[in-house]
Visitor: 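Sharing a structure with you now.
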Amino acid sequence: MQAGAWYAPLRDDTFMSADHPQPPPPATLPERKTLDQRNAMSELERLRHSCAHVMATAILRLWPEAQFAAGPPVENGFYYDVDLGHRITPDDFPAIEAEMKREIKANHVFEKRVVSREQAVRDAQSGRLGGLGERPGNPSRYKLGNLAEIPEGEPISYYRNGDFLDLCAGPHVGRTGNLGAFKLTAVASAYYKGDEANPQLQRIYGTAFKTRTQLEEWLRMQEEARKRDHRKIGAEMRLFILDPDYTGPGMPLWLPKGTVLVEELEKLAKETEFAAGYVRVRTPHLAKEKMYVTSGHLPYYAESMFPPMQVAEEGEPGGADGASRGAVQGDRYYLKAMNCPHHHRIFAAEPRSYRDLPLRLAEYGCCYRYEQSGELFGLMRVRSLNMNDAHIYCTEDQFADEFRAVNDMYLKYFKVFGLEKYQMRFSTHGKEGLGRKYVGEPELWLKTEAMVRRVLQDSGINYVEVANEAAFYGPKIDVQVWSAIGREFTIATNQVDFAVPARFGLVYHDRDNTDKTPLCIHRAPLGTHERFIGFLIEHYAGNFPLWLAPDQVRVLPVTEAQLEYARGIVEELRAHQVRAELEYSNDKLQGRILRAEEARVHHILVVGQREQEAGAVAVRIHGHGHQGVRPRAEVVSEILAAIRERRA
RNA sequence: GCCAAUGUAGCUCAGUGGUAGAGCAACGGUUUCGUAAACCGUCGGUCGUCGGUUCAAUCCCGACCAUUGGCUCCA
């Protein structure tokens with residue numbers, strides 16, 4: 001479903017926050033919703049849930065044999081899972097919607113009835129539940145499954161609208177006529193109860209709103225989101241390509257225009273980190289198995305890593321001098337999925353004194369993660385990624401200041417990119433998981449979490465605290481931002497690490513003449529180039545601010561007579577590292593302006609005879625039209641200033 | 001990974017069991033032009049890949065590859 005894809009938060013568990021190995025997910029499923037929780041359903045959710053029932057009614061009118069499973073309201077609408085021989089496609093939507101309208105027009109009451117378990121099982125066996133009537137030989141098998149999950153003692157209820165009777169805890173709106181505006185949006189597949197051992201069902205998605213206006217507004221936003229899709233704009237602007245056949249799935253190739261974005265971001269990061277006292281390092285893309293055994297990433301994280309390479313040295317059997325590299329002998333090498341172990345080895349490279357701390361090692365490191373094929377998504381979820389990574393080694397005393405400085409850096413970046421809405425999600429440990437899900441250092445956990453909490457509070461940062469979601473080795477902070485059209489992105493993760501440095505035996509010599517293990521802060525405020533640029537493309541709809549725009553200035557002489565004047569302006573700008581180009585072609589001025597606008601060139605400078613004589617340029621800004629004629633020197637210095645200050 | 005949809009020129013998209021079509025882009029020419037499309041012409045496709053059915057397949061069937069949507073926000 002388009003909508004679902006757009007609005008569903010991108011899963012972050014194996015992407016940015018996987019600096020650390022995570023233990024396998026807990027075997028226990030999430031708690032069943034209580035009836036109280038269900039009754040807390042908002043008005044809109046009731047509406048949507050009721051709409052799901054009406055959709056089921058309509059589907060049964062068309063295909064009476066349909067078997068229904070679950071039909072809850074979801075973030076942007078509702079769905080109902082149906083088992084049906086006929087493959088429902090969007091072509092069927094008009095017919096289903098027409099039946100739904102009839103049901104709404106009939107204005108049936110949503111009638112609730114509490115029944116005994118025996119009664120419910122009987123009705124399910126007769127095919128009555130999730131049906132329009134009895135269906136001999138076609139028992140409501142998923143409803144029977146659902147019934148079996150209802151704990152003893154919890155009331156079992158039906159809801160009925162017209163002929164349609166469903167096992168349902170509700171709540172619903174009063175009558176089908178209360179449903180406002182709705183629309184079926186997508187069909188997908190889902191396993192019954194999400195378990196791939198169960199049959200696969202067709203999941204029909206729809207959305208509903210109280211009024212037609214609200215529905216239309218939502219559809220408009222969807223349309224806007226589609227227009228801003230980073231894959232679409234990325235192709236239009238020639239920013240990157242994916243080349244699954246040659247490079248491989250999920251491994252973007254940055255084209256020249258996209259590389260401009262990459263390098264401008266790196267420049268911003270390097271300046272910012274330099275000012276904040278970071279030093280830069282560079283590390284290889286590969287490391288021996290021992291590296292990840294020591295870090296603890298193997299075996300937990302092995303599934304998400306590319307399979308190892310086996311490399312033997314020259315002279316050994318299967319050695320590099322023969323054609324048999326990859327033979328059984330020799331060392332196993334892994335493509336790195338994270339940079340931290342390498343940085344730890346740099347920390348370990350020489351004896352460290354407390355006077356050396358904090359040590360802030362920064363690197364735009366290129367990592368490789370073997371994401372499942374079905375998880376890949378444009379630039380947002382890839383297999384090769386460049387992280388705005390750094391590791392800060394510090395003493396406990398220094399921790400709060402260092403952590404605060406990291407937060408300040410985030411806030412600075414938010415300002416640069418005009419992000420007004422953000423939230424930090426502070427994940428702490430759960431006591432039950434100590435020694436299992438979380439490293440068994442109860443005091444250290446509490447102490448570190450208290451420090452983090454205090455810094456968050458002191459700096460007035462917008463955050464929420466979530467218990468029992470920390471990383472194995474320490475509390476973490478996920479950073480969520482909202483793009484200009486209100487979509488949420490998890491852009492980065494901060495982690496506090498009080499365990500891995502010890503695994504690498506990292507120590508510093510303290511003033512009391514003893515060796516101590518440093519704390520480590522993992523941080524990546526700009527996330528990865530891939531995801532961050534994907535986000536920025538949507539945020540700006542490809543209309544990047546001047547400093548970031550791949551095409552900053554294009555100078556268009558009106559006729560050949562202004563060619564030299566125009567060239568002079570381009571050369572002056574280029575001498576100042578401005579991405580300026582001259583365009584003089586057979587096209588009429590209007591055509592060249594159109595193409596410059598289409599290419600999202602930020603400044604379009606038109607020079608004709610009048611401008612040349614006056615030493616001026618006619619300024620046009622992408623998306624904002626003609627800005628008037630102004631002196632050339634003034635325009636040039638303005639452009640330089642806007643770039644230097646990274647104006648929005 | 002699993003299920004589904006999709007895959008025709010660089011891009012957007014038509015189309016048919018019988019030699020593949022448009023617009024834009026590109027290229028060549030004419031035009032030298034004042035703020036969102038000047039004109040003429042040319043080039044461009046193994047119709048995702050492989051296999052099957054057929055006298056004949058881009059079209060029908062199958063497998064594979066890739067992309068996209070979804071894979072508990074539970075009666």
Side-chain angles (χ1 to χ4, degrees), chain A residues 1-6 8-9 29-33 35 38 45 49 68-76 78-79 81 87-90 120 124 129-130 140 142-150 154 156-159 166-170 185-203 205 229 231-232 235-236 238 241-245 248-250 303 371-378 556-563 584-598 604-611 618-620 622-623 625-627 629:
Chain A
M1 166 184 181
Q2 278 291 24
W6 273 118
L29 286 170
E31 291 289 305
R32 212 170 165 281
K33 264 192 187 170
L35 284 180
R38 290 190 58 102
E45 285 170 325
H49 181 46
F68 289 91
V74 291
E75 193 181 340
N76 284 292
F78 61 87
Y79 65 79
D81 286 342
R87 284 273 158 214
I88 293 180
T89 70
L129 284 188
S140 314
Y142 304 107
K143 299 294 172 186
L144 277 168
N146 293 342
L147 268 170
E149 292 207 341
I150 299 176
E154 195 174 293
I156 293 172
S157 60
Y158 289 171
Y159 271 88
D166 203 1
L167 174 71
C168 181
T185 51
V187 53
S189 82
Y191 297 106
Y192 178 54
K193 297 197 180 295
D195 184 345
E196 48 185 282
N198 286 336
Q200 204 141 24
L201 308 172
Q202 302 185 61
R203 177 166 293 181
Y205 280 96
D229 188 321
R231 293 164 298 183
K232 182 174 145 70
E236 280 168 14
R238 308 265 142 80
I241 54 166
L242 289 162
D243 185 19
D245 288 342
E303 279 293 290
E371 303 291 351
Q372 289 196 64
S373 56
E375 306 256 354
L376 300 175
F377 174 65
L556 312 184
V558 174
T559 73
E560 200 168 355
Q562 293 85 44
L563 202 48
Y584 181 68
S585 65
N586 278 344
D587 276 325
K588 284 180 71 173
L589 181 62
Q590 285 183 52
R592 287 182 282 152
I593 285 172
L594 172 69
R595 264 170 286 285
E597 290 282 357
E598 279 175 346
I604 300 163
L605 304 182
V606 175
V607 290
Q609 194 186 345
R610 294 198 294 274
E611 285 76 19
V619 180
R620 184 185 175 98
H622 169 59
H626 186 46
Q627 305 288 305
V629 176

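Chain letters run A, B, ... following the sequence lines, proteins first, then strands; residues in each count from 1.
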Visitor: Assuming nearest nucleotide by heavy-atom distance, tell me which of A190(A) and V606(A) is located more 5' along RNA chain B.
Guide: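 By nearest-heavy-atom nucleotide position, the 5'-most residue is V606(A).
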
Visitor: Among the candidates U32(B), C73(B), G34(B), find the nucleotide nearest to the side-chain atoms of Q609(A).
Guide: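 Closest of the options to the side chain of Q609(A): G34(B).
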
Visitor: What is the nucleic acid contact for R592(A), judged by heavy atoms within less than 4.0 Å: base, sugar-phosphate only, or nothing?
Guide: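 No contact.
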
Visitor: Looking at R595(A), I'd like to know whether one of its side-chain N or O atoms comes within less than 4.0 Å of OP1 or OP2 on A37(B).
Guide: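 Checking A37(B) against R595(A), no side-chain N or O comes under 4.0 Å of OP1 or OP2.
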
Visitor: U67(B), C2(B), G34(B): which one has an atom nearest the side-chain heavy atoms of L589(A)?
Guide: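 Ranking U67(B), C2(B), G34(B) by closest atom to the L589(A) side chain puts G34(B) first.
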
Visitor: Please check if the side chain of R592(A) supplies one atom and the backbone of P557(A) the other of a donor-acceptor pair under 3.5 Å.
Guide: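 Yes, the answer is positive, given that a donor and an acceptor are paired below the 3.5 Å cut-off.
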
Visitor: Okay, side chain of Q609(A), backbone of Q562(A): is any donor-acceptor separation there less than 3.5 Å?
Guide: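 No.
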
Visitor: Between atom CD in E598(A) and atom P in C24(B), what is the gap in whole Å?
Guide: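 That distance rounds to 12 Å.
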
Visitor: Going by modelled atom types, is there a donor-acceptor pair between the base of U30(B) and the side chain of N586(A) at under 3.5 Å?
Guide: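 In this structure, the two groups form a donor-acceptor pair.
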
Visitor: Of all the nucleotides listed (A75(B), C71(B), U31(B)), which has the minimum atom distance to the side chain of L167(A)?
Guide: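 For L167(A), the side-chain atoms sit closest to A75(B).
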
Visitor: Going by heavy atoms in the side chains, are P72(A) and Y79(A) under 4.5 Å from each other?
Guide: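 The answer is yes, as the side chains (C-beta and beyond) meet within the 4.5 Å cut-off.
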
Visitor: Please measure how far the C1' atom in G48(B) lies from the corresponding atom in U54(B), and state the result in whole Å.
Guide: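 The same atom, C1', in both gives a distance of 23 Å.
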
Visitor: Quick check for you: among A75(B), U32(B), U35(B), whose closest atom lies nearest to any side-chain atom of I593(A)?
Guide: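 When the side chain of I593(A) is considered, U35(B) is the closest of A75(B), U32(B), U35(B).
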
Visitor: Looking across every strand, which nucleic acid part, if any, lies under 4.0 Å from A70(A) by heavy atom: base, sugar-phosphate, or nothing?
Guide: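 Result for A70(A) = sugar-phosphate.
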
Visitor: For L556(A), which contact category applies under a 4.0 Å heavy-atom criterion: base, sugar-phosphate, or nothing?
Guide: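 Nothing, no nucleic acid heavy atom in range.
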
Visitor: Is the CD atom of Q627(A) crowded by more than 12 outside heavy atoms at less than 6.0 Å?
Guide: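 Above 12, so yes.
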
Visitor: If you check the F377(A) side chain, which of A75(B), U68(B), A38(B) turns out closest?
Guide: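 The answer is U68(B).
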
Visitor: With heavy atoms under 4.0 Å as the rule, sort K143(A) into base, sugar-phosphate or nothing.
Guide: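 Sugar-phosphate: the residue K143(A), judged by heavy atoms under 4.0 Å, touches backbone atoms but no base.
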
Visitor: Using the C1' atom as the point on both nucleotides, what is the distance between U67(B) and A26(B), in whole Å?
Guide: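 Each nucleotide's C1' atom is 26 Å from the other's.
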
Visitor: With distance as the sole test, does H49(A) use its side chain to make a donor-acceptor pair with the main-chain N or O of G71(A) at under 3.5 Å?
Guide: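 Judged by distance alone, yes, a pair lies under 3.5 Å.
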
Visitor: Does R203(A) reach a base, just sugar-phosphate, or nothing at all? Heavy atoms under 4.0 Å.
Guide: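 Contact class for R203(A): sugar-phosphate only.
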
Visitor: Of the options G70(B), U35(B), A75(B), whose atoms approach the side-chain atoms of Y205(A) most closely?
Guide: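 The listed nucleotide nearest to Y205(A)'s side chain is G70(B).
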
Visitor: Classify the nucleic acid contact of G130(A) as base, sugar-phosphate or nothing, counting any heavy atom under 4.0 Å across all strands shown.
Guide: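 The residue G130(A) makes no contact with any strand.
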
Visitor: If you check every side-chain atom of E154(A), which of C73(B), A75(B), C33(B) has the closest atom?
Guide: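 Of all the options, the side chain of E154(A) is nearest to A75(B).
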
Visitor: Which atom pair, heavy atoms only, marks the closest approach of H626(A) to V619(A)?
Guide: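 Reported closest heavy-atom pair: ND1-O, 3.4 Å.
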
Visitor: Select base, sugar-phosphate, or nothing to describe what A618(A) touches, counting heavy atoms under 4.0 Å on all strands.
Guide: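 Base contact - A618(A) has a heavy atom under 4.0 Å of at least one base atom.
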
Visitor: Where the side chain of Q590(A) is defined as all heavy atoms beyond and including C-beta, which of U31(B), G34(B), U35(B) is the nearest nucleotide?
Guide: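 Looking only at side-chain atoms, Q590(A) lies closest to U35(B).
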
Visitor: Would you measure the distance from the C1' atom in G52(B) across to the matching atom in C27(B) and give it in whole Å?
Guide: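 It works out to 42 Å between them.
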
Visitor: Pairs counted only when both distances fall under 3.5 Å, Watson-Crick or G-U: show me the 5' to 3' dot-bracket for RNA chain B, [ ] for pseudoknotted crossings and | for other-strand partners.
Guide: (((((((..((((....[..)))).(((((.......))))).....(((((..]....))))))))))))....

Visitor: Are side-chain heavy atoms of Y158(A) and L129(A) found at a separation under 4.5 Å?
Guide: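 Yes, close enough: below the 4.5 Å cut-off.
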
Visitor: Select one nucleotide: of U32(B), A75(B), A38(B), the one nearest the side-chain heavy atoms of E560(A).
Guide: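 Nearest to the side chain of E560(A) among the choices is U32(B).
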
Visitor: So E611(A), base contact, sugar-phosphate only, or nothing? Heavy-atom distance under 4.0 Å.
Guide: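 Base, at least one base heavy atom under 4.0 Å.
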
Visitor: Check every atom of A66(B), G29(B), C74(B) against the side chain of P244(A) and return the nucleotide holding the closest atom.
Guide: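 Out of A66(B), G29(B), C74(B), the nucleotide with an atom closest to P244(A)'s side chain is A66(B).
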
